[in-house]
Structures are given as structure tokens and as C-alpha cells.
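Scroll down for the structure; my scribbles are underneath it.
Sequence lines set the chain letters: A, B, ... in the order given, protein chains first and strands last, and positions in each chain run from 1.
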Amino acid sequence: MLINALNGLVYGSLLFVLSAGLVLVYGLRRVVNFAHGALYMLGAYIGWSVATLYGFAAGVVAAGVALAAVGVVLDLVLFRRLAGRQPLITVIVTFGVLLILEDVVRSVWGTGNRALDPPAALDGVVEIFGAPFPVYRLFIVAASAAMAGGLAAWLRWGRTGLFVRAASHDASVAAMCGVRTAAIGPMVVGLGAAFAGLSGIVAAPFLSIHPSMGSEILVLSFVVSVIGGLGSFAGAFVAAMLLGQVQSFGTVLLPELAALLPFLLMAGVLIFRPQGIAGTKG
Amino acid sequence: MKLTTSALLGLAVGLMAPAVASAEPEALRIGVPTTRSGPYTLLGDQAVRAVEFAVGEANAAGGVDGRKVEFKVVDDEASPDAGRRAGEKLASEGYRILTATVSSSVGLAMSTQLNRWDAMYVSTINKSPKITGDSCHPRMFRTNHSDDMDIAIVGPWLKDQPQKTWGIIAADYLWGRGSGAAFKATAQSLGRKVETEVFPPVGTTDYAPYITQLRDGGVEGLWVALAGADAINFIKQAKQFGLTDKMLIFGHNVVSPSTAKAVAKEMVGIWGNMGYAAAIDTPANKAFVAAWKAKYGAEPTDYEGETYAGMQVIFAAVKTAKSVAPADVSKAMEGLSATTPFGQVTMRAADHQLEEPNYLGRVVEKDGAHVIVVERTFDAKTATPGPNPACKL
């Protein structure tokens, strides 16, 4: 049973890093970013290209930096204009971005599956509960915890973090108090995209890299942010951990329903607590 | 006067033209309704490359039955509707011998229109048993192995394996469930026990819960029926968890160049059926692989080898029929014997399935590189189960 909890923790960690970017962007821009899955996929591809040449660490850095740049461009060109529009419009536009990015990746990297090895230092197994467990999976937990901790500390105690929270709460009042909200937007969307790119490259060593990998995981990261409460960072954390455990134990205990459980959970939350675990009403 | 001369000249040319045309027989036109967009594009690319190569080779050797060979490709979008339109377009333009379609559902959709188009269809990739089963058609043929044929060689292999307890991991949809059920029946008939069965949904990213369950189940062997990216995700993660080294694994349609390209290292030791392998030991295949390598700098993949083999069967039928009319070629196909990379093979008249050998192989490490090798070859008799009684031609 403990091994299942550990499996759930690993998957939950990955989902959290992915959803964190989604939550950040929604919190500030109120844009439901369907392109987030494509950013994750793009991160995996860019990271893969760099990692195969210069090593895994370089791949991680490249994925983060490149995707941050993509995020800044996305914000300046699209999200800034979309903020305040009808949700349906933002959904359609960002979905269009997803399709475009998938085709760009197809024409640059081709349609075949690719794979990346974990770095040598993380490629072994450790004995946990009497059975081998891949070290890399523990690294995923540690990396997610570091990213989550860093982000939380920055938002809570950093001066810029304070500005981000202020702008997310009420952009006009924040601007009146002297916060440069125009600069906050690209920074937050860039950071959100960087999180997507990082989760892509971090996931790459245990997944197949292919153009539709983003749309496959996108649905689950939406489930995470809906359960957590759109825009809530702490809520997303709880929801991702919960979903990881639901997936892991559901597969073992209720195999016939396992694929359905995350959605049942989401439906339950939408009916009984529509604002999500940590969201506020209104 | 000048006018009269040119008019006469024109008349003369006009009179000569039919004579020239009859001296050169009607070209053999191959229609290729295959996938040029969407997730199956990579497979369609391979099918088209094989047709192009086979046509080029035939024309360089003076054509087929003295006829020039031409082909035309139209996108079937891997959907039955678009596939039907692609087939109709090709047939209406005179490309009435259709082949190299990727998806079984497109092949089956076209088969209902073959009489109306006065066309024929030769499957080189479609594995659905329906093609030569209850949906068989007088104008439809299959030169590749069906799912039933791939399962048929598992029994003779399993018989020789000492593992008594087996697990199954199969994708939760028609093909995966069918594959799992077929393996279970085969295993039980040989006195093996199937103790753990798990069915992850298509598109599963994390297989850890399934892997730990299979490991804790304590089975000695594992049947894997996952496709595409799912298979790659599973193979990677199973290796990382040490599952691959702990039990004997057989992957249904897993040992292929496209999978090996991504996870060759992690696949070492995993058995699998192979529709075609560059390592097949026949004179025709050796010649084919050498010529292919000279042109493309790589070994042919499974789809390429299978489609090239299918083209050889079509060419042999045209030579026998001495005609390119689909009715005549279809007739010549029945009972036809042809030389292909699979060796000398026969097109069974009863259900239009090519009787051919089938192969099991593994990825092995050789001189620092990972290559796919043929470990077991089953002759056509063992590999081709009898015709499905549901097929009435």
C-alpha cells in the first residue's frame, strides 16, 4: 500500500508543477490557457534537443528559459488583449495556439516518438519497501517540491511576489498604488510557461516525447485547477496530491472505475463546492 | 499549299497516334489512398516510400508485363469517410488498383465501394481479421499478416517457455482487450495460468500503479498489448522499475523499428511478433534490403517491407493476368504464387489472405548497437490459420 502512496506522490508532484503554471496565468490574466499542454510539450522537445547534446541539466535550463521567452511573447501578443474578454473567446484562441504549436513541433522534429534517458546520476533504483524504486521518480518529487517551495516563498515574501498577488487581486488598485502592472503580466505568463516547459523536460525521462503528449495531460491539469479552485496556488497543490493518490489507489482498488475517478471528483467539487477547495466565492 | 502540307502532316500524325498507343500497352496505375495528415502520417510516409521504391524498381527493369507503372497518392486522413472519397477520386482518374492504406477502417470502408468503382484493393498494412473474415470481398486481398495470424504463432512459442504464471497489460479498447483475451485463451489451452490482468486507458502517462501491481502479483511472464506512445511509456517505466529484468515479456506489435528508435535499450529482452523485419533470411529480402539501403541509407521498416511485398504480389498478378483491368487482376490473384521478401507465397483463394511465414524477434545488443533480430520463423502453414468460415466470396 505504501508503494501506491509513493507512486501517487510522484504523479501528483508532476501534475502540480504543470498545473502551477496554469493557475498563475489564470490568477492574473483570467485566461484559461488551453495552450498550456503545448507549452509542456514544447518544453519536452526543446529540453530533449539540448539534453542530447549538452546533458540533462542544460536541457532543463534550456526548456525553462526558452519557454519563459515563449510565455512573454504570448502575453504581449495575445493574453494582454484577451484579458477581460468572454471566456469562450480566450478558450478558442488559446486552443488555436495549441494546434499551431503542435504543427510547428511536427514540422521541426517530425512525428516519431522520442525518448530521453535520465541523467546517469539519477538512473538507478533504490530499495523502498523491499522492492526497487527508480531514483528518478524521487527526483521528480524533490524537483517539484523545490519549484513549489520557491514559487510559494516568492509570492509570499518577495516584493515582486507581493506585486503579483496584488495585481491578481485587483489590477487597477494595484496600479494606483504604484505597481507596474504592465510589467507584471509578461513576467507572470513567462513564469507560468517556464513551469510548463520545466514539467515537460522533467517528465521526459519517463515518458515518450511526441506531439500530442501535451493534449493528453492537459485535461488532468485542468481537473487539478478546477478541483483546487481556479487561480489558487495552495488549492492546486492539494488537488494535485489528491489526484495523484486517487489515480494510484484507484488503479489498484477500483480498476474498472480508475479512469473515471478524477472526473467524478471534479464533478463532485463543481456541484458541492463550485469555487474549488481553496477558491473564494464570486 | 503550305496549309495543305501541314494539314496532311497533321492527318498523318493523327493516323499514327493510335498505332503508337497500341504499341505501348496501357500503363499499370496504382492508387494509394493513405494517411498524409494527423497522427498516422509517419506510417503513411512509410507506405508511400515503399510504393515509390517498388514502382521505380519495376520501371527500371522495363515495367510490369511490358507496361509502365504509375502511381498517385491521395490523403485518406485515416478516416473512413475521407478514405472513401480518396478511393473514389483515384478510381475515377483511372488508378483502380488501390493499396497501401494504413487504417483497417479505411480499407473496410473502401471495400463496400469496389464494385461501383470497378476497382480492387490490396491491403499491405491492415490487420483487422474482418478484411478476410465476415467483411471479405471478391475484389479485396491482404498480403500482410492479420491479427489472427500474429496470435497463431504465440501458441507454438509459448509452448517452449517455462513460465507458468502470466500477467496481461492491455490498452482498454477493442484491440487491446481482444489481444488480451486471445492470449489468455492460448495460454490456458497450454496449461498456463493468467493471474493478473490490467487494462490502462489509452493515453496513460504514468504506468507506475500498473507496474507495481504486476510486480506484486508475482507472475513469471507478461503479455503487453499497448500501441504507439503508450507502449513506449510502458517499456521505459517497466525498465526503470526493474520489471523487464524480472519477468519474460512479450509485446504484441511492439518489436518494430519505430518503437526501437525511441526505446531500443529498454526493449532488450522483450519478445514480439514482427510483420516484417529487415533481418528476414530470403534471397528476395536480401536483395530488397541492399537496394533500399543504397537508396535511403537505412534499413526498411516493417510498413515499408510489408508494402513492398504487397507491390510484388500485385505485379505478379498483372503479369499472370496480362491485363490491368481490376476484374482480371483480381481473378489472377486467387491462388497466385509470387516471390516476395517473405519467400515464395500463395494468395489463398478461399478468403484472399496471403499464406506466408511469420516471425518473432527481439532487440539485441550487437557491437554496441541495438538491432532487431529474427529469433523464430514459423512456416506459412503454421502461421496462417484456416480460412474464416464467416468469409463468403
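Other residues, nucleotides and ligands contribute over 12 non-hydrogen atoms within 6.0 Å of the CZ atom of A/Phe129. For CG of B/Leu174, the number of neighbouring non-hydrogen atoms (other residues, nucleotides, ligands) closer than 6.0 Å is 12 at most. Surrounding CZ of A/Phe95 are at most 12 heavy atoms belonging to other residues, nucleotides or ligands under 6.0 Å away.
Interface remark: A/Leu207 contributes backbone and side-chain atoms alike to the contact with chain B (heavy atom separation under 4.5 Å). Interface residue A/Val125: only side-chain heavy atoms are found under 4.5 Å from chain B. If you measure heavy-atom distances from A/Pro255 to chain B, you find no contacts under 4.5 Å at all. Interface remark: A/Leu116 contributes backbone atoms only to the contact with chain B (heavy atom separation under 4.5 Å).
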Quick check - list every chain A-chain B donor-acceptor pair under 3.5 angstrom, one line each.
unit_1, atom_1, unit_2, atom_2, d
A/Asn7, ND2, B/Thr212, OG1, 3.2
A/Tyr11, OH, B/Thr205, OG1, 2.8
A/Leu116, O, B/Lys236, NZ, 2.6
A/Asp117, OD1, B/Lys265, NZ, 2.9
A/Asp117, OD2, B/Lys265, NZ, 2.6
A/Pro132, O, B/Arg215, NH1, 2.9
A/Arg137, NH1, B/Asp206, OD1, 3.0
A/Arg137, NH2, B/Asp206, OD1, 3.2
A/Arg137, NH2, B/Gln237, OE1, 3.2
A/Pro205, O, B/Gln240, NE2, 2.8
A/Phe206, O, B/Gln237, NE2, 2.6
A/Ser208, N, B/Asn233, OD1, 2.4

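Note: A/Ala131 leads A/Pro211, A/Gly8, A/Ala131 in heavy-atom pairs under 4.5 Å with chain B. If you tally non-hydrogen atom pairs under 4.5 Å between each of B/Ala229, B/Pro201, B/Ala231, B/Gly242 and chain A, the highest count goes to B/Ala229.
Between B/Phe241 and A/Pro134, some side-chain heavy-atom pair lies under the 4.5 Å cut-off.
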